[in-house]
Q: 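Just dropping this structure here.
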Amino acid sequence: MKSPSEQLSLLVRGTARVLGEDELLKKLQRGTPLRVKLGVDPTSPDLHLGHSVVLEKLRQFQELGHQAVLIIGDFTAQIGDPTGRSKTRPALSHEEILLNARTYTEQAFRILDHDRTEVVFNSEWFQKMTFSEVIQLNSRVTLQQMLQREDFKNRVARDQEVRLHEILYPIVQGWDSVVVRSDVELGGTDQLFNILVGRALQKTEGQEPQVVMCLPILEGLDGVQKMSKSLGNYVGITEEPEEMFGKLMSISDELMARYALLLLGREINPETHPMESKKQLAAALVARYHSADSAAAARANWELRFSKKDLDSAVLPEFPVTGRRDIVGAVVEVFQTVFNTSKSASDVRRLIQQGSVQLDGEKILDPRNEPDWKSGQVLKLDKKHSVRIS
RNA sequence: GGGUAGAUUCCAGAGCGGUCAAAUGGGGCAGACUGUAAAUCUGCUGGUUAUACCUUCGAAGGUUCGAAUCCUUCUCUACCCA
């Protein structure tokens, strides 16, 4: 067991902001496991690298012997967290939320230690609350306090609507902390306000207030906006090795440094060629969520496909063409069946006219073309998608 | 409760009776370049059995040869007053 001060320096590493660091030290000095809260909003079922930053921190707590309390915000999800939103979120049905929560926790346990995690649903206590209890809860905070929050302030300033239930969100999330008696709450920097409300509510309940620990927000693949599924700039932790590797290779050098720091906790060596560094980063992350072997394989295949442009020897998905088939129809079908992306015929026609579609390295520019399909040919759809005809 | 403004394609935002699938910017995609990076340049960005046709401009009706544009009702939003 590490000493409290050793633990503290480990835990603080990589965080963006910690409020109550000396309180944390005191808590650690007691020697009993801390209750570390992480609230998740199961609005989307799949976890991506953005979520992993905070989950890895939680795991670090677990490795030091502390107790993780994972709160599934099945109740709060029905409100919709207004954080970072310029518009009101659509509410989800409870069934959808439970379904999401299930895959969410499954994926979270790829990172977290099952034995040291307590999973609770916040509908457990909120569903039972009576209206007078709700009002009482609301009486603990002021409108002005809630309006301090940047998202709300901005929306008000820009004449955009803020619905009352959204104002309630931080209060509701804060109450979770009281119920689970958390010692520390983790979250992204955008959660600072919500976590602080929890701290305030704990104080009014006579509890020892939780320590606020915010982790940096991971930018998405575009390097600008935060990683999120709805923006499509994410790398899911369950994605296939190839896919994960490819996505990571497409990031900018600047972003690479950031990813290395936030996801692996290491610096990029300036001596190394940036491309090599990027390959190492990508491989390390694939290895984390798959295996070292699949990381090596993904790297080898990527090099074949993209550096050497040797599509012939690369491992590609297969696609059977039955009989004569025009190019547009075939490409639409490949997108649909192999890559699970729907594209309209017009879209594909455009791709063809722009010279994206190639058969065995030959551009096919005429959408009316009906190629002589032979098995073993490589059909390239766009930069990232190619198949082998079987 | 009273008044005013407004709802346009992924987003922002023009258009205000025909030349509108709808300017411009952002985003996205493709091509060139490259380290499948970034930056840059160019093109594309509703659908289809594709030199034409079909469906879109909050919803439903109406006026008109013709409506995103005019009228009526409805729904929603913001602002001001209470």
Side-chain angles (χ1 to χ4, degrees), chain A residues 84-91 152-166 219-235 242-260 268-283 285 298-311 314-316 325-329 331-332 335-336 339 341-358 361-370 378-386:
Chain A
R85 285 284 176 143
S86 51
K87 281 186 182 169
T88 309
R89 272 184 199 243
F152 294 148
K153 238 194 278 181
N154 289 343
R155 273 154 73 174
V156 170
R158 278 193 239 128
D159 289 348
Q160 286 167 335
E161 58 168 350
V162 176
R163 303 217 158 224
L164 277 183
H165 70 282
E166 296 182 275
E219 292 85 351
L221 296 170
D222 55 16
V224 182
Q225 297 198 266
K226 81 171 192 178
M227 186 175 281
S228 88
K229 185 160 181 170
S230 51
L231 293 171
N233 60 358
Y234 69 103
V235 182
E242 299 273 317
E243 192 65 21
M244 204 182 257
F245 196 93
K247 279 188 177 181
L248 288 164
M249 286 308 289
S250 75
I251 63 178
S252 72
D253 292 357
E254 272 169 60
L255 195 58
M256 160 174 80
R258 184 101 175 123
Y259 276 23
I268 294 290
N269 182 354
E271 305 287 301
T272 318
H273 184 42
M275 186 167 65
E276 178 55 31
S277 302
K278 206 187 285 180
K279 284 180 186 170
Q280 286 173 10
L281 167 82
L285 287 168
R299 174 173 174 156
N301 201 39
W302 186 89
E303 284 168 349
L304 262 182
R305 276 183 77 172
F306 300 110
S307 298
K308 299 193 180 131
K309 301 208 193 307
D310 181 2
L311 285 173
V315 180
L316 298 173
R325 186 77 67 64
D326 66 295
I327 187 69
V328 173
V331 172
V332 169
F335 268 118
Q336 190 55 252
F339 300 107
T341 336
S342 45
K343 287 236 190 274
S344 70
S346 298
D347 242 341
V348 167
R349 197 175 289 267
R350 250 172 246 130
L351 276 181
I352 291 170
Q353 283 163 347
Q354 291 182 128
S356 169
V357 175
Q358 299 175 16
E362 293 285 312
K363 282 186 186 180
I364 296 179
L365 294 166
D366 181 7
R368 275 167 303 192
N369 197 318
E370 289 192 10
V378 173
L379 177 65
K380 184 178 171 197
L381 309 182
D382 61 29
K383 270 194 260 191
K384 288 171 187 154
H385 303 277
S386 299

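Chain A is the first sequence line, chain B the second, and so forth, proteins listed ahead of strands; every chain is numbered from 1. These numbers were taken from a predicted model, which means no experiment stands behind them.
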Q: Base, sugar-phosphate or nothing for A:D253? Non-hydrogen atoms, less than 4.0 Å.
A: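 The residue A:D253 makes base contact.
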Q: Distance check: side-chain N/O of A:K343 vs OP1/OP2 of B:rA30, anything under 4.0 Å?
A: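 Checking B:rA30 against A:K343, no side-chain N or O comes under 4.0 Å of OP1 or OP2.
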Q: Quick one: look up who B:rU64 pairs with, Watson-Crick or G-U, both distances under 3.5 Å, and put none if it's unpaired.
A: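 B:rU64 is paired with nothing.
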Q: Whom does B:rC29 pair with, Watson-Crick or G-U wobble, provided both distances fall under 3.5 Å?
A: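 Across all strands, the one nucleotide that pairs with B:rC29 is B:rG43.
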Q: Which nucleotide, in any strand shown, forms a Watson-Crick or G-U wobble pair with B:rC74, with both distances under 3.5 Å?
A: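 Here B:rC74 is engaged in a pair, and the nucleotide opposite it is B:rG58.
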Q: Enumerate the protein-to-nucleotides 50-53 of chain B contacts in which both atoms are nitrogen or oxygen and the separation is below 3.5 Å.
A:
| unit_1 | atom_1 | unit_2 | atom_2 | d |
| --- | --- | --- | --- | --- |
| B:rA50 | N6 | A:S346 | OG | 3.4 |
| B:rA50 | N6 | A:R349 | NE | 2.7 |

Q: Provide the Watson-Crick or G-U wobble partner of B:rU69, both distances under 3.5 Å; none if there is no partner.
A: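 Answer to the pairing question: none, since B:rU69 forms no Watson-Crick or G-U pair.
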Q: The criterion is side-chain contact (heavy atoms from CB on, under 4.5 Å); which residues satisfy it with A:V332, sequence neighbours excluded?
A: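 With sequence neighbours excluded, A:V332 shows a side-chain contact (heavy atoms from CB on, under 4.5 Å) to A:V328, A:V348, given in chain and number order.
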Q: Using the P atom on both, measure B:rA52 against B:rA22 and round to a whole Å.
A: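 B:rA52 and B:rA22 have their P atoms separated by 13 Å.
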Q: Which one, B:rC44, B:rG35, B:rA30, comes nearest to the side chain of A:H273?
A: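 Comparing B:rC44, B:rG35, B:rA30 against the side chain of A:H273, the answer is B:rG35.
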Q: Rounded to the nearest angstrom, tell me the gap between atom CD in A:Q225 and atom C1' in B:rG28.
A: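 One finds 12 Å between C1' of B:rG28 and CD of A:Q225, rounded.
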Q: I need the CG-C1' distance between A:L381 and B:rC29, as an integer number of Å.
A: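 Roughly 14 Å, once rounded to whole Å.
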Q: Could you check whether any side-chain N or O of A:N301 sits under 3.5 Å from a backbone N or O of A:V315, counting only pairs where one atom can act as donor and the other as acceptor?
A: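 A pair under 3.5 Å: yes.
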Q: Expressed in angstrom and rounded to an integer, what is the separation of A:R350 atom CZ from B:rG28 atom P?
A: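 The distance from CZ of A:R350 to P of B:rG28 comes to 17 Å, rounded to the nearest Å.
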Q: Which base, if any, makes a Watson-Crick or G-U wobble pair with B:rA12, both distances under 3.5 Å?
A: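 Base partner found: B:rU24.
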Q: Check whether any side-chain N or O of A:S344 sits under 4.0 Å from OP1 or OP2 of B:rU48, and answer yes or no.
A: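 For B:rU48, OP1/OP2 do have a side-chain N/O of A:S344 under 4.0 Å.
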Q: Is the closest side-chain heavy-atom distance between A:V224 and A:L231 below 4.5 Å?
A: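 Sidechains of A:L231 and A:V224: no contact.
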Q: At a cut-off of 3.5 Å, list every protein nitrogen or oxygen paired with a nitrogen or oxygen from nucleotides 20-23 of chain B, distance to 0.1 Å.
A:
none

Q: Could you give the distance separating B:rU24 and B:rG46 at their P atoms, to the nearest angstrom?
A: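 The same atom, P, in both gives a distance of 13 Å.
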Q: Can I get a per-line list of side-chain donor-acceptor pairs under 3.5 Å for residues 303-311 of chain A, giving both atom names and the distance, sequence neighbours left out?
A:
| unit_1 | atom_1 | unit_2 | atom_2 | d |
| --- | --- | --- | --- | --- |
| A:E303 | OE2 | A:K279 | NZ | 3.0 |
| A:E303 | OE2 | A:R299 | NE | 3.0 |
| A:E303 | OE2 | A:R299 | NH2 | 3.4 |
| A:R305 | NH2 | A:K384 | O | 3.2 |
| A:D310 | OD1 | A:D312 | N | 3.3 |
| A:D310 | OD1 | A:S313 | N | 3.2 |
| A:D310 | OD1 | A:S313 | OG | 2.9 |
| A:D310 | OD2 | A:S313 | OG | 2.4 |

Q: Could you work out, with side-chain contact (heavy atoms from CB on, under 4.5 Å) as the rule, every residue matching A:A260, not counting sequence neighbours?
A: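 Applying side-chain contact (heavy atoms from CB on, under 4.5 Å) to A:A260 gives A:I268, A:L281.
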Q: Does A:E254, at its CD atom, have more than 12 non-hydrogen atoms belonging to other residues, nucleotides or ligands within less than 6.0 Å?
A: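 Atom CD in A:E254 is not crowded, with 12 or fewer foreign heavy atoms closer than 6.0 Å.
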Q: Could you check whether A:K247 makes a cation-pi contact with A:Y234, meaning its NZ or CZ is under 6.0 Å from the centre of the six-membered ring and within 45° of the ring axis?
A: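 Ring-cation test returns yes.
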Q: Expressed as a whole number of angstroms, how long is the span from A:D347:CG to B:rA30:C1'?
A: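 To the nearest whole Å, that distance equals 11 Å.
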Q: Scan residues 341-350 of chain A for pairs that pass side chain to side chain donor-acceptor pair (under 3.5 Å), counting only residues two or more places apart or in two chains.
A: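 Checked against side chain to side chain donor-acceptor pair (under 3.5 Å) - neighbours excluded - the pairs reaching residues 341-350 of chain A are A:D347-A:R350.
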